[in-house]
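All remarks here apply to the structure that follows.
For the numbers below, each heavy atom of this structure counts, side chains included, while hydrogens, waters and symmetry mates do not.
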Amino acid sequence: MQNLRIATAQFENKSGDKEYNLGIIRKLTARAAEQGAQVMAFHECSITGYTFARHLSREQMLDLAERIPEGESIAKLTAIAREYNVAILAGLFEKDEKDQLFKAYVCVDSNGLVAKYRKLHPFINPHLLPGDQYVVFDLYGWKCGILICYDNNVIENVRATALLGADIIFMPHVTMCTPSTRPGAGFVDPKLWENREADPTSLRIEFDGMKGRAWLMKWLPARAYDNGIYAIFSNPIGMDDDQLKNGCSMILDPFGDVIAECRNLGDDVVVATCIREKLEQAGGYRYRKARRPELYKDVIGQSHQSEQKVVWLNSEE
């Protein structure tokens with residue numbers, strides 16, 4: 001297995017404006033290709049926009065969503081992948097042949113669709129159905145998985161994807177800077193974003209504190225370390241509907257170390273090299289091999305009624 005150059009990006013998407021968002025995806029993919037990237041990862045619903053969907057009716061969601069792989073956005077992503085010879089991962093809303101709605105994340109290369117994943121724990125719109133399976137696929141000889149945003153907070157999902165063989169897990173998000181029961185959480189004032197050129201310091205304090213990066217660093221490195229995988233985290237920056245997001249898209253290695261991170265207060269892309277040897281050098285690899293599932297298989301697999309609460313979303317009702 002050869003080393004693999006992966007890029008992750010952050011950008012300010014426009015709600016419902018696929019043409020604009022795909023234009024930014026093309027521009028950032030070009031930048032990544034110039035740096036030798038073979039793979040380019042974008043955030044959750046990077047094609048369609050995300051937070052505004054909480055206001056959409058079923059009919060509006062169906063108008064926004066696309067069939068996969070027949071939809072226009074997959075064709076345009078494939079054209080970008082072919083132009084720059086880079087595999088691209090990006091997100092959008094999907095409708096199937098029965099007009100059921102899902103939150104999807106796809107990987108395409110120059111030949112078209114490589115993989116599709118449906119979010120297991122969607123919540124932004126009540127008409128979205130949950131996915132029902134993990135996805136692991138081959139990319140340049142590496143085994144890759146996908147888990148979208150909330151899916152990564154349920155640690156069993158990450159472990160299961162790793163046990164299915166994933167060396168790399170793509171973790172597209174739209175997260176941080178929202179209220180929560182945890183101390184220090186909350187929205188960030190959009191006025192700080194508008195004034196970022198004159199006063200970047202005040203914005204960076206909010207973005208890097210407990211509303212943003214400091215919270216992320218409590219758990220994201222652990223997902224990579226405990227499972228011995230590369231974690232490719234992608235997140236938007238700027239306004240997503242009426243919410244300000246802080247970006248900090250990053251790549252973590254199997255030791256849980258951040259090896260590349262977007263730090264600009266604007267659209268950005270970074271590239272890191274994934275090295276095969278780290279997968280078996282990392283503690284997570286050894287600990288997975290030392291597991292004793294006979295001790296806990298009945299505990300982990302016992303009957304459970306899933307309950308999902310999103311504080312900031314429920315507070316709007």
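In this structure, Val136 and Ala166 approach most closely via the heavy-atom pair CG1-N, 4.3 Å. For Met61 against Ala53, the heavy-atom pair with the smallest separation is SD-CB, 4.0 Å. Across all non-hydrogen atoms, the minimal contact from Leu265 to Trp193 is O-CH2, 3.8 Å. Between Ala272 and Ala260, the shortest heavy-atom distance links the atoms CB-CB, 3.8 Å. Of all heavy-atom pairs spanning Gly228 and Ala282, the tightest one is CA-CB, 4.5 Å. In plain terms, the two heavy atoms of Cys149 and Lys119 that are nearest each other are CB-NZ, 3.8 Å.
Taking Ile, Leu, Val, Met, Phe, Trp and Tyr as members and joining any whose side-chain heavy atoms lie under 4.5 Å apart, directly or through other members, the hydrophobic cluster of Tyr225 also contains Tyr287. Under the 4.5 angstrom side-chain criterion for Ile, Leu, Val, Met, Phe, Trp and Tyr, Val270 has no cluster partners at all.
Summarising the geometry, atom CG belonging to Asp268 is positioned 13.0 Å from atom CZ belonging to Phe11; distances are rounded to the nearest 0.5 Å. The CG atom of Asp253 sits 10.0 Å away from atom CD of Gln281, with the distance rounded to the nearest 0.5 Å. In this structure, CG on Asn235 lies 8.0 Å from CD on Gln10, to the nearest 0.5 angstrom.
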For Arg159 and Asn227, what are the C-alpha separation, side-chain angles and deciding distance, and is it a side chain to side chain donor-acceptor pair (under 3.5 Å)?
-> CA-CA 6 Å; Arg159 176 49 60 92; Asn227 295 286; 2.6 Å; yes
Under the side chain to side chain contact (heavy atoms under 4.5 Å, CB included) rule, what do Phe187 and Leu244 come out as? Steps first, then yes or no, please.
-> CA-CA 7 Å; Phe187 291 120; Leu244 179 55; over 6 Å; no
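With respect to Glu94 and Lys116, a salt bridge is recorded, a charged nitrogen being found less than 4.0 Å from a carboxylate O. Electrostatic pairing of Arg263 and Asp208 counts as a salt bridge here, judged by a charged N lying under 4.0 Å from a carboxylate O. Classification of Asp167 and Arg276 as a salt-bridged pair holds, one side-chain N sitting under 4.0 Å from a carboxylate O. Look at Arg54 and Asp242 and you find a salt bridge, because one of the NZ, NE, NH1 or NH2 atoms lies within 4.0 Å of a carboxylate O, short of that distance. A salt bridge links Arg26 with Glu83: the distance from a Lys NZ or Arg NE/NH1/NH2 to an Asp or Glu carboxylate oxygen falls below 4.0 Å. The existence of a salt bridge linking Glu280 and Arg286 is excluded, since no basic side-chain nitrogen approaches an acidic carboxylate oxygen closer than 4.0 Å.
A donor and an acceptor atom, one from each side chain of Arg213 and Asn246, are nowhere located under 3.5 Å apart. In this structure, a donor-acceptor pair under 3.5 Å is absent between the side chains of Trp142 and Gln2. Side chains of Asp151 and Tyr117: a donor-acceptor N/O pair is present below 3.5 angstrom, by distance only. Between the side chains of Ser15 and Asp241, not a single donor N or O lies within less than 3.5 Å of an accepting N or O. Counted by atom type alone, Thr8 and Ser234 present one or more donor-acceptor pairs between their side chains at under 3.5 Å.
Using a distance-only test at 3.5 Å, with no hydrogens or angles considered, a donor-acceptor pair links the side chain of Asp109 to the main chain of Asn111.
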Taking distance alone, no hydrogens or angles, what donor-acceptor pairs closer than 3.5 Å link side-chain atoms of residues 30-43 to residues at least two apart or in another chain?
from: Gln35; atom 1: NE2; to: Arg31; atom 2: O; distance (Å): 3.4
from: Gln38; atom 1: OE1; to: Arg5; atom 2: N; distance (Å): 2.8
from: His43; atom 1: NE2; to: Asn13; atom 2: OD1; distance (Å): 2.7

Listing, residues 296-305 side-chain donor-acceptor contacts under 3.5 Å, not counting sequence neighbours, or none:
from: Tyr296; atom 1: OH; to: Arg292; atom 2: N; distance (Å): 3.2
from: Gln302; atom 1: NE2; to: Val299; atom 2: O; distance (Å): 3.0

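Counting heavy-atom neighbours within 6.0 Å of Glu197 CD, excluding the residue itself, gives a total of 12 or less. Summarising the local packing, CD of Glu19 is surrounded by 12 or fewer heavy atoms from other residues, nucleotides or ligands at distances under 6.0 Å. By the neighbour-count criterion of 12 heavy atoms within 6.0 Å, atom CG of Asn85 is sparsely surrounded, having that number or fewer from other residues, nucleotides or ligands. The number of heavy atoms from other shown groups lying within 6.0 Å of CG (Leu163) is above 12.
Ring planes of Phe233 and His173: tilted class, angle from 30 to 60°. Ring-plane geometry between Phe93 and Tyr50 is classed as parallel, the angle between the planes falling under 30 degrees on a 0 to 90 degree scale with a further cut at 60.
Annotation: side chain of Leu129 is not in contact with side chain of Leu101 (no heavy-atom distance under 4.5 Å). Looking only at side-chain heavy atoms (C-beta outward), Arg118 and Ile68 stay at 4.5 Å or farther from each other.
Applying the ring pair (Phe, Tyr, Trp, His ring centres under 6.0 Å) test to residues at least two apart or on different chains, none of the pairs has a partner in residues 14-40.
Here Lys289 pairs with nothing under the salt bridge (Lys or Arg N to Asp or Glu O under 4.0 Å) rule; sequence neighbours left out.
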